[in-house]
There are 2 protein chains.
Amino acid sequence: MVSRPLQRLREPQHDETASPADIWDQLLTPLEAADHASVPDRVATVLRNAISAGQVLPGTKLPEVKITDRLGVSRHTLRSAFQLLAADGLVERRPNRGVFVHEPTEEDIREIYRIRRILETGAVRAAVFSSEAIEELRGITARAERSRAAEDIAAMAQANQEFHQCIVAQARSSMLDELMSKVLARMRLVFAGMRSYPDFHSGYVTGNVQLAELLAQQKRQEAEDHLINYLLEAEQDLLRHLTL
Amino acid sequence: MVSRPLQRLREPQHDETASPADIWDQLLTPLEAADHASVPDRVATVLRNAISAGQVLPGTKLPEVKITDRLGVSRHTLRSAFQLLAADGLVERRPNRGVFVHEPTEEDIREIYRIRRILETGAVRAAVFSSEAIEELRGITARAERSRAAEDIAAMAQANQEFHQCIVAQARSSMLDELMSKVLARMRLVFAGMRSYPDFHSGYVTGNVQLAELLAQQKRQEAEDHLINYLLEAEQDLLRHLTL
DNA sequence: CAGGCAGGTTTGTTGAACAATCCTGTGAAC
DNA sequence: GTTCACAGGATTGTTCAACAAACCTGCCTG
């Protein structure tokens, strides 16, 4: 459909976080799939997945021509996709310099947990947890426990994130859902940059189980206290293991 | 610099919310000012101001060629600006149909206040209100009272919004600040579509004064209760006057 | 070794073109 | 007279090609 010159990179280009071999060769995958979405959306999805999966490390520059050559899309379409990623905070645009994968800092982690404390406890305080919601939470924790038993770290991490997204969803606000998605995406960015502590989530699966039970028993205040402690603990845990 | 054919609109184009005379003739203003920002940013600012000021009413379609002709920018640049506005929720993109100014619904108002209850009480609970913050809040309420006395509705409305933005800012999170900005922008959209009740804010100036004093006296719980009642009351007030 | 300048590279923006989709109005069929 | 189908025009979505502006690199001079 489109001629792809497939030019080799010249040298490892002593950029920050130098690219091992050639990063961009690996992310060509599913631009075709997931139709019915606009091309920029699909491009953004490809890049989003690559970043969240840790294929493209924080701080890496995303050069326009390399990616357009690789994906076979126009520069305009790619720039449009960049704007979507920038709105998610996954990527930051430095004027006349290009776009770079956001590099999370220690302050980012503190902010993430400040937000989560407000959002998640706010949802617990303000929302009524229907029996369907309780069932969903229990289903997610059950999946997380199975994944932990099977030592499927990625699946467990995703289940844990879904659990907390589900809690925020009880506030019934699409804007809060979006914000929580952004926050969790930034959390994944933190994990992607931190190879040394991959099983961070495993210690918190049982905490989620307990939280779901407290919510099921309508023990609001106890659930809130449990959640606050959970979040404070996770924050400290993460900061301890961040050893810059 | 660019030839602008300045083509007249043919007929009042029986669009929803038909355009009185010609809307687009009036928003050409400050594209030149506020330099050091990219062109799409400046275009977005022009449109944002026009929308927030009520120049372009909710539901209005934003046709590409008319605006590009008027502003003298490329269609690409305008589309880029549209994406920024869409990220703010000011505008919605209907595929193959174009972009339209978001039309707030009753459910939007309920969501706005669900969010504000969580965000603002969360900030009150989680943040320490420094003496500088207290002074800033007092300064804003003083300005609001002066504007109310001078019957400058717009200035009073803006001061009221600044007050609540300032409360959220105490949570020290740029992402929460952004979300609050989006929420308040949507509030302005509600007011823009509702000409019948322009002095909505005047009743709430004294409520803000009281809240600032409670915060100054470190009466957290009372401040939180006051805030919750304030928000519940404002929501009901707004819904009553929405008479669709 | 420091600083400045020229060159190449990358981004930012525009214009033109075309495909795809939507909207409109006309005409035919019932 | 109403409804349906279809053709035509208008608008959006995407790509290609080009150029201006900013940045980065390396050489060259002092």
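By convention in this document, chain letters (A, B, ...) are assigned in the order of the sequence lines, proteins followed by strands, and residues within each chain are numbered from 1.
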key: hbond_proxy A:R97 side chain to C:dG12 base (donor-acceptor, 3.5 Å cutoff)   = no
task = Using atom CZ of A:R94 as one end and atom C1' of C:dG12 as the other, report the distance to the nearest whole Å.
result = 17 Å
inquiry  = What is the distance, to the nearest angstrom, from the CG atom on B:D69 to the P atom on D:dT11?
reply    = 11 Å
inquiry  = Check whether B:F82 forms a cation-pi arrangement with B:R93 (NZ or CZ under 6.0 Å from the six-membered ring centre, at most 45° off the ring normal).
reply    = no
ask   = Mapping A:R75 and B:H76 to their closest nucleotides on DNA chain C, which lands nearer the 5' end?
value = A:R75
request  = Ignoring the backbone of A:P40, work out which of D:dG13, C:dT13, D:dT14 is nearest its side chain.
outcome  = D:dT14
query = Rounding to a whole Å, what distance do you find between A:R79:CZ and D:dG13:C1'?
reply = 17 Å
inquiry  = Rounded to whole Å, please give me the gap between NZ in B:K66 and C1' in D:dA10.
reply    = 10 Å
message = Salt bridge check, A:E111 against A:R116: does any charged N sit closer than 4.0 Å to a carboxylate O?
response = no
task = In whole angstrom, give the distance that lies between atom CG of A:N96 and atom P of C:dT9.
result = 18 Å
message = In whole Å, I'd like the distance from the CG atom of B:L71 to the C1' atom of C:dT13.
response = 15 Å
query = Under 4.0 Å between a side-chain N/O of B:R93 and OP1 or OP2 of D:dG13, yes or no?
reply = yes
query = Quick check: does any side chain N or O of B:Q165 sit under 3.5 Å from a backbone N or O of B:D177, one acting as donor and the other as acceptor?
reply = yes
message = Rounding to an integer number of Å, can you tell me how far B:L78 CG sits from C:dG15 P?
response = 13 Å
query = So does B:K61 get a side-chain nitrogen or oxygen closer than 4.0 Å to the phosphate oxygens (OP1/OP2) of D:dA10?
reply = no
inquiry  = Nearest whole Å is fine: how far is D:dT14 P from A:R42 CZ?
reply    = 8 Å
ask   = Got a salt bridge between A:R240 and A:E235, using NZ or NE/NH1/NH2 to carboxylate O under 4.0 Å?
value = no
